[in-house]
Every structure is written in structure tokens, then in C-alpha cells.
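Just so you know, residue 1 is the first one in the sequence shown, and it goes up from there.
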Amino acid sequence: MKKQNNIEENKVMFRTQFTLLFLLALTYGFSQDKSVAIKKLEINTKLDHFAARVVGDKIYFSHNLTTKRGRAIKDKYGGFYYIMYEALINEDGEIKNEKPIVKTELGRFNMSSSTFSKDGKYMYFTTNHEDKGANKLKGIETYNLQIKRAEYVEGTGWTNFEVLPFCDPDHNFAHPALSPDGSTLYFIADVKGTKGKSDLYKVSVSSHKTYGEVTKLDDNINSSRTEIFPFVSTDNKLYFTSDRRGGKGGLDIYSYDLESSVADQKPVSLDAPINSRGDDFSFFINDDLTTGYLSSRRLKGEGGDDLYYFSKF
């Protein structure tokens with residue numbers, strides 16, 4: 001499989017005047033307090049840690065699949081394999097006692113960038129198609145990204161894995177994110193009609209069994225560049241990552257109010273210290289709307305994708 005090559009493509013694909021910023025803050029409510037605190041977590045190493053999601057008293061995140069000696073496993077193209085980890089959280093946001101999730105499917109299939117139902121029973125995650133898709137890179141076998149759904153069964157672990165029905169092997173579908181009520185699944189794709197290298201899409205969800213028609217989000221959200229890693233907070237704000245022009249770094253985190261009645265609303269780039277001059281992505285905020293996690297490759301990191309905890313948002 002060529003998981004990491006595809007994910008890296010998605011990640012890589014994938015300073016206005018004070019008055020304008022002030023007006024945007026009044027209109028959209030996305031300005032940040034200068035007291036926002038952010039810290040790099042102790043769990044970080046030279047390996048990748050990203051896409052953290054809190055579910056109940058646990059946290060899930062993506063991490064390199066490693067050998068028994070802790071070395072990251074690569075595919076034949078030099079890309080990495082990933083797996084999902086679960087752990088506990090300290091009061092200060094630190095991640096402790098991490099371990100790979102228990103799953104019934106055997107084999108070295110990749111798992112990353114997950115989202116969960118409120119009750120923690122269902123998980124959607126990014127993986128690779130098992131069959132070759134349309135070859136977009138000459139001379140390379142392409143196993144495009146897809147989204148799977150799994151169910152948690154006590155005493156068994158994650159089981160009943162199913163590929164979402166709209167995932168076409170000839171295209172990439174990745175980075176699922178459930179709405180707070182679980183009725184809508186947001187994700188990215190590069191299907192026909194995509195404005196940039198990957199755009200944000202959504203689909204209705206019924207009992208985590210059936211799915212509606214896939215719809216691309218408005219062009220005032222999607223850009224001609226790359227949109228990745230969507231997340232929807234409990235107050236129905238869409239956070240996502242983009243490398244669009246006008247950002248603070250390579251990849252920046254943006255916010256968009258899904259309940260706003262402003263017809264020409266534009267996504268707003270989050271202020272420092274959330275965004276930096278490095279790549280900042282995969283934003284998650286807890287139900288308290290003040291604490292959360294993000295992933296970053298900013299200065300003074302450990303060398304890979306690092307996890308950061310923020311508070312006083």
C-alpha cells in the first residue's frame with residue numbers, strides 16, 4: 001500500500017490591517033484571546049503524532065506503525081504506514097499510557113485521521129483501498145485513500161469494518177469528521193468537480209448504517225488550493241486546514257460558522273499561537289470550547305508531526 005505517499009500529498013497538496021481584523025472578529029466571532037496557551041506534549045518524538053480526538057475519558061490519535069524496536073515501518077515507495085492509538089489524558093492535557101487500538105481485522109492495513117460517534121460506539125477513519133485505483137502518478141501503483149466505518153464491541157474491540165459506499169477506488173476520500181449530532185459526515189475528496197487538489201464534502205448519516213448523497217461544500221469555503229482535516233465543534237463551527245494564499249504558514253487552520261446567515265462569509269485564519277509559520281493542521285476542540293489539540297510541524301518541534309494542547313481558547 002502507498003498510504004503515506006497519499007496522505008503526504010493531501011497534507012502538502014494538502015497580515016491584514018487591524019481594522020479589518022476587528023471587523024471580522026465582530027462579524028464572525030473567531031478572534032482569539034491573547035491569553036490562549038499552547039504547549040508541546042511530552043508524548044512527541046521524531047515519529048509522527050497527529051489527528052487527536054477525545055472520546056469520553058480517552059484520546060485517540062494517529063501514529064506510525066512501528067517494528068518491535070520502535071522504528072517506523074515504510075512501504076516500498078518510502079512512505080509510512082499508520083495506526084490508531086488510544087490513551088488516557090491528564091488534567092494538563094498530557095497523553096499517558098498510550099497503546100494501539102484493539103481491532104479484529106488482521107494485517108497491516110493503515111488507519112489514521114478518525115472521528116467518533118458521541119457514545120464512542122462507531123469510528124470512521126482513513127485507510128487505503130485494497131485494489132489499485134486510477135494511476136495519477138506515472139510508474140507508481142496507486143492505492144487511493146478511502147473511509148471505513150468500524151463498530152466497537154465490548155470484549156472484542158473494533159470490528160465490523162465497512163467501506164463507505166461512495167468511496168470510489170479511482171479517487172481519494174479521507175479525513176472524516178462527524179457533526180455534533182452525528183447526522184452529517186464531513187470529509188475531503190478529489191472527485192470530479194473538485195475546485196482544488198482536494199475539497200471539503202459532506203454526506204448525511206442515518207444510524208451509522210446508510211448514507212445520503214455526497215455534496216461539496218460551498219465555493220466560499222473551498223479554495224483553488226487544498227482543504228484537509230475538517231472538524232465541527234459543538235457550537236457548529238467548521239474548522240479545517242488549507243494551504244490557500246494569504247495564510248501564516250504552509251498549512252493553516254481556518255474557521256467557518258455553519259450557522260451564520262452572512263451570505264458572503266469567508267473562512268477566517270486562526271490567530272497565533274494556534275497558527276504558526278510552520279504547518280498547522282488537524283484542529284480539535286473539546287465540548288468546553290476552551291481546550292483542545294492540534295497537530296503541527298512548527299519550529300522547536302521534535303522533527304515529525306507533533307501534538308500540541310491548547311487552553312483558554
Evaluate the side-chain hydrogen bond (donor to acceptor under 3.5 Å, both in side chains) criterion for residues Ser233 and Asp235: first the C-alpha distance (whole Å), next the side-chain angles of each, then the deciding distance (0.1 Å), finally the verdict.
CA-CA 5 Å; Ser233 60; Asp235 59 347; 2.4 Å; yes
Tell me, with the steps shown, if Met84 and Phe61 meet side-chain contact (heavy atoms from CB on, under 4.5 Å).
CA-CA 6 Å; Met84 295 298 304; Phe61 62 93; 5.8 Å; no
Check against side-chain contact (heavy atoms from CB on, under 4.5 Å), Leu164 and Lys148
CA-CA 6 Å; Leu164 298 195; Lys148 277 189 174 183; over 6 Å; no
side-chain contact (heavy atoms from CB on, under 4.5 Å) between Gln146 and Asn128: does it pass, once the steps are laid out?
CA-CA 5 Å; Gln146 65 178 356; Asn128 287 91; 5.9 Å; no
Check against side-chain contact (heavy atoms from CB on, under 4.5 Å), Phe50 and Phe281
CA-CA 9 Å; Phe50 64 99; Phe281 57 99; 3.9 Å; yes
Does the ring-ring contact (aromatic ring centres under 6.0 Å, His included) test come out yes or no for Phe116 and Tyr60, once each step is laid out?
CA-CA 10 Å; Phe116 299 80; Tyr60 294 85; 4.4 Å; yes
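Considering all non-hydrogen atoms of both residues, Thr45 and Asp306 come closest at O-OD1, 3.8 Å. The shortest heavy-atom contact between Arg225 and Asp243 is CB-OD1, 3.0 Å. Across all non-hydrogen atoms, the minimal contact from Ile188 to Ser198 is CD1-OG, 4.1 Å. Heavy atoms only, all atoms of each residue included: Ser255 and Leu270 are closest at CB-CD2, 3.8 Å.
Partners of Thr234 under the side-chain hydrogen bond (donor to acceptor under 3.5 Å, both in side chains) rule, at least two apart in sequence or in another chain, do not exist in this structure. Looking at residues two or more places apart in sequence or on another chain, you find a side chain to side chain contact (heavy atoms under 4.5 Å, CB included) between Leu217 and Tyr186, Leu200, Lys202, Ile221, Asn222, Leu238. Judged as a salt bridge (charged side-chain N to carboxylate O under 4.0 Å, His left out), and not counting sequence neighbours, the contacts of Asp287 are Lys118. In terms of the side chain to side chain contact (heavy atoms under 4.5 Å, CB included) criterion, residue partners of Thr291 (sequence neighbours excluded) are, by chain and number, Asn286, Asp288, Tyr309, Ser311. The side-chain hydrogen bond (donor to acceptor under 3.5 Å, both in side chains) search around Ser296 returns Asp280, Arg298, not counting sequence neighbours. Scored by the salt bridge (charged side-chain N to carboxylate O under 4.0 Å, His left out) test, Asp92 finds Lys39 as partners (sequence neighbours excluded). Contacts of Lys46 classified as salt bridge (charged side-chain N to carboxylate O under 4.0 Å, His left out), with partners at least two apart in sequence or in another chain: none. Every side-chain hydrogen bond (donor to acceptor under 3.5 Å, both in side chains) that Lys96 has, sequence neighbours left out, goes to Glu42. In this structure Lys195 satisfies the salt bridge (charged side-chain N to carboxylate O under 4.0 Å, His left out) test with no other residue, sequence neighbours excluded. Annotation: side-chain hydrogen bond (donor to acceptor under 3.5 Å, both in side chains) contacts of Ser242 (sequence neighbours excluded): Glu227, Arg244.
When the options Phe283, Tyr293, Tyr254, Phe284 are evaluated for a ring pair (Phe, Tyr, Trp, His ring centres under 6.0 Å) with Tyr239, the one that passes is Phe283.
By the rule that hydrophobic residues join a cluster once side-chain heavy atoms approach within less than 4.5 Å of another member, Ile228 and Leu258 end up as members of one cluster. Hydrophobic clustering of Ile, Leu, Val, Met, Phe, Trp and Tyr side chains at less than 4.5 Å, counting indirect connections, keeps Val55 apart from Val102. At a threshold of 4.5 Å between side-chain heavy atoms, the hydrophobic network of Ile, Leu, Val, Met, Phe, Trp and Tyr places Phe166 and Phe125 in two separate groups. Residues Tyr201 and Tyr256 do not share a hydrophobic cluster, clusters being chains of Ile/Leu/Val/Met/Phe/Trp/Tyr side chains in contact below 4.5 Å. Residues Tyr82 and Leu47 do not share a hydrophobic cluster, defined by chaining ILVMFWY side chains whose heavy atoms lie under 4.5 Å apart.
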Acceptor/donor pairs from residues 205-212 side chains to any protein atom, 3.5 angstrom cut, sequence neighbours excluded:
from: His208; atom 1: ND1; to: Tyr124; atom 2: OH; distance (Å): 2.8
from: Tyr211; atom 1: OH; to: Tyr124; atom 2: OH; distance (Å): 3.2

Got a list of side-chain donor-acceptor pairs under 3.5 Å for residues 153-163, not counting sequence neighbours?
from: Thr159; atom 1: OG1; to: Thr104; atom 2: OG1; distance (Å): 3.1
from: Asn160; atom 1: ND2; to: Glu151; atom 2: OE1; distance (Å): 3.0

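Aromatic ring orientation, Phe173 versus Phe187: tilted (interplanar angle from 30° to 60°). Ring-plane geometry between His49 and His63 is classed as perpendicular, the angle between the planes exceeding 60 degrees on a 0 to 90 degree scale with a lower cut at 30.
Contact of the Asp190 side chain with the Lys197 side chain is not registered, since no non-hydrogen atoms from C-beta on lie closer than 4.5 Å. Contact check for Thr126 versus His175: side-chain heavy atoms found under the 4.5 Å cut-off. In this structure, the side chains of Val203 and Thr184 stay at 4.5 Å or more apart for every pair of heavy atoms. No side-chain heavy atom of Ser282 sits less than 4.5 Å from a side-chain heavy atom of Leu294. In this structure, the side chains of Lys248 and Ser276 stay at 4.5 Å or more apart for every pair of heavy atoms. In this structure the side chain of Thr127 never reaches within 4.5 angstrom of the side chain of Leu145, judged on heavy atoms. Annotation: side chain of Tyr308 is not in contact with side chain of Ile274 (no heavy-atom distance under 4.5 Å). By the 4.5 Å heavy-atom criterion applied to side chains, Ser269 and Ile253 are not counted as neighbours.
Put simply, NZ on Lys58 and CG on Leu88 are 8.0 Å apart, with the number rounded to the nearest 0.5 Å. Remark: Lys40 NZ to Leu307 CG distance equals 12.0 Å, nearest 0.5 Å. To the nearest 0.5 Å, atoms OH (Tyr81) and CG (Leu65) are separated by 9.0 Å. Between Met123 atom CE and Ser114 atom OG the span is 6.5 Å, to the nearest 0.5 Å. With rounding to the nearest 0.5 Å, the separation of CD1 in Ile83 from OG1 in Thr66 is 10.0 Å. In this structure, the separation between CZ on Phe80 and CG on Asn64 is 6.0 Å, given to the nearest 0.5 Å.
Side-chain N or O atoms of Glu259 include none that pairs as donor or acceptor with a backbone N or O of Asn236 at under 3.5 Å. In this structure, Ser260 contributes its side chain and Asp257 its backbone to no donor-acceptor pair below 3.5 Å. Between the side chain of Asn144 and the backbone N or O of Pro169 there is at least one donor-acceptor pair closer than 3.5 Å. Not one N or O on the side chain of Asn275 forms a donor-acceptor pair closer than 3.5 Å with the backbone of Ala272.
Between Arg297 and Asp305, at least one side-chain nitrogen of the basic residue sits less than 4.0 Å from a carboxylate oxygen of the acidic one, meeting the salt-bridge criterion.
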